[in-house]
Structures are given as structure tokens and as C-alpha cells.
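Data block below; observations after.
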Amino acid sequence: MSNQAVDVKILGKITRVNCPAGQEESLIQAAQELNDRLQSMSEKTKVTNEINLLTIAALNICYELQEKNQASDHLSERIEKLSASLEDALRRSSLPEQG
């Protein structure tokens, strides 16, 4: 699969980015979300330095990713426990009754 060059606009500047063919729309949406975050952050914090804005945005995005990864890990652990409980219950229900 070849890469496709896509122009995205962030903070009023056009940047050409390569992405896998078929992923162009996802890249454009991600760039728009980043641009929206940066503009919102600039308005809220009055920070205008692009490097500072980008650094804060990157930290926020990394924090959100960590939170989602932790939630995913907790869900995976819960699923494993439920699966083990279900397997145990099925195993016990298939044992012949003693009496």
C-alpha cells in the first residue's frame, strides 16, 4: 500500500503529511481536532506561542491516552475474571451430582 500526501491546516499553516492510502479522511479529521484544541486552548489560556501551545496539547493528548489505556486495561482484567468465573461455573455444572 502506498502513501498519499495530504495537506492539513493547523494554526493557519498548511502542512503536507504522508499517510497510508485510504486513511486521508481520518488524518484530515485528526488535524481538524488538533487545530480546534489549539485554538480553544489559545483562547482560554491566552498563550500565543505556537511551541508552548503544541507542547501543552501534546501533554494533554498523552494524558488522555494514558487514561484510556488504563481504562482499557481495567476492562481487560474484568473480562478475564468474568471469563474465568464463567468457565468455572460451566465446569462445575457439568460435573455429575454426588448424593
Side-chain angles (χ1 to χ4, degrees):
M1 200 183 272
S2 63
N3 282 342
Q4 181 71 32
V6 177
D7 290 336
V8 295
K9 188 174 183 178
I10 299 172
L11 295 176
K13 295 180 180 158
I14 303 290
T15 302
R16 181 160 287 186
V17 181
N18 288 327
C19 73
Q23 297 296 316
E24 299 88 356
E25 192 58 37
S26 293
L27 175 62
I28 290 168
Q29 289 175 356
Q32 183 61 52
E33 181 181 341
L34 177 58
N35 189 60
D36 293 346
R37 283 178 180 236
L38 292 168
Q39 287 179 338
S40 175
M41 199 180 327
S42 179
E43 292 167 7
K44 288 178 186 175
T45 64
K46 306 298 183 209
V47 173
T48 57
N49 180 292
E50 290 179 10
I51 299 296
N52 290 347
L53 280 173
L54 290 166
T55 300
I56 295 166
L59 288 170
N60 286 340
I61 292 167
C62 287
Y63 175 77
E64 291 169 14
L65 182 60
Q66 283 179 339
E67 291 290 305
K68 291 198 185 295
N69 284 342
Q70 287 176 354
S72 177
D73 290 346
H74 291 307
L75 283 175
S76 293
E77 289 173 16
R78 181 75 176 132
I79 289 170
E80 286 176 19
K81 288 179 182 178
L82 289 171
S83 179
S85 294
L86 182 58
E87 288 174 7
D88 186 49
L90 288 171
R91 188 175 81 278
R92 283 185 283 154
S93 70
S94 66
L95 292 176
E97 289 188 27
Q98 297 178 356

(request) Over all heavy atoms of both residues, which pair between Leu53 and Leu38 is shortest? Give the atoms and the distance, please. (result)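 Residues Leu53 and Leu38, closest heavy atoms: O-CD2, 3.6 Å.
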
Can you list every side chain to side chain donor-acceptor pair (under 3.5 Å) pair that touches [range], not counting sequence neighbours?
range	answer
residues 42-54	Lys13-Glu50
residues 25-37	Gln32-Asp36, Glu33-Arg37, Arg37-Glu64
residues 68-79	none

(message) Quick test of your reading: applying salt bridge (Lys or Arg N to Asp or Glu O under 4.0 Å), list the pairs with at least one residue in residues 79-90, sequence neighbours left out, ordered by first then second residue.
(response)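 Pairs touching residues 79-90 that pass the test: Asp88-Arg91, Asp88-Arg92.
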
(message) Under 4.5 Å side-chain heavy-atom separation, chaining through any Ile, Leu, Val, Met, Phe, Trp or Tyr, what else clusters with Ile51? Say none if it is isolated.
(response) none

(request) Give me the other members of the hydrophobic cluster that Tyr63 sits in, counting Ile, Leu, Val, Met, Phe, Trp and Tyr linked by side-chain heavy atoms under 4.5 Å, directly or via other members. (result)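 For Tyr63, no cluster forms, as it stays isolated from other hydrophobic side chains.
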
(message) Looking at Glu67 and Leu65, would you say the former's side chain and the latter's main chain have a donor-acceptor pair under 3.5 Å?
(response) no

(request) List in chain and number order the residues that pass side chain to side chain contact (heavy atoms under 4.5 Å, CB included) with Ile56, two or more places apart in sequence or in another chain; answer none if no residue qualifies. (result)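 Scan of Ile56 (side chain to side chain contact (heavy atoms under 4.5 Å, CB included), adjacent residues dropped) gives Met41, Asn60.
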
(message) When you compare the side chain of Ile61 with that of Leu34, does any pair of heavy atoms fall below 4.5 Å?
(response) yes

(request) Indicate yes or no: at least one non-hydrogen side-chain atom of Gln4 is less than 4.5 angstrom from one of Pro20. (result) no

(request) Test side-chain contact (heavy atoms from CB on, under 4.5 Å) on Ile10 and Thr15 and set out the steps. (result) CA-CA 8 Å; Ile10 299 172; Thr15 302; 5.7 Å; no

(request) Measure the CG-CG distance between Leu75 and Leu82 for me, rounded to the nearest 0.5 Å. (result)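 Spacing of CG (Leu75) from CG (Leu82) equals 10.5 Å.
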
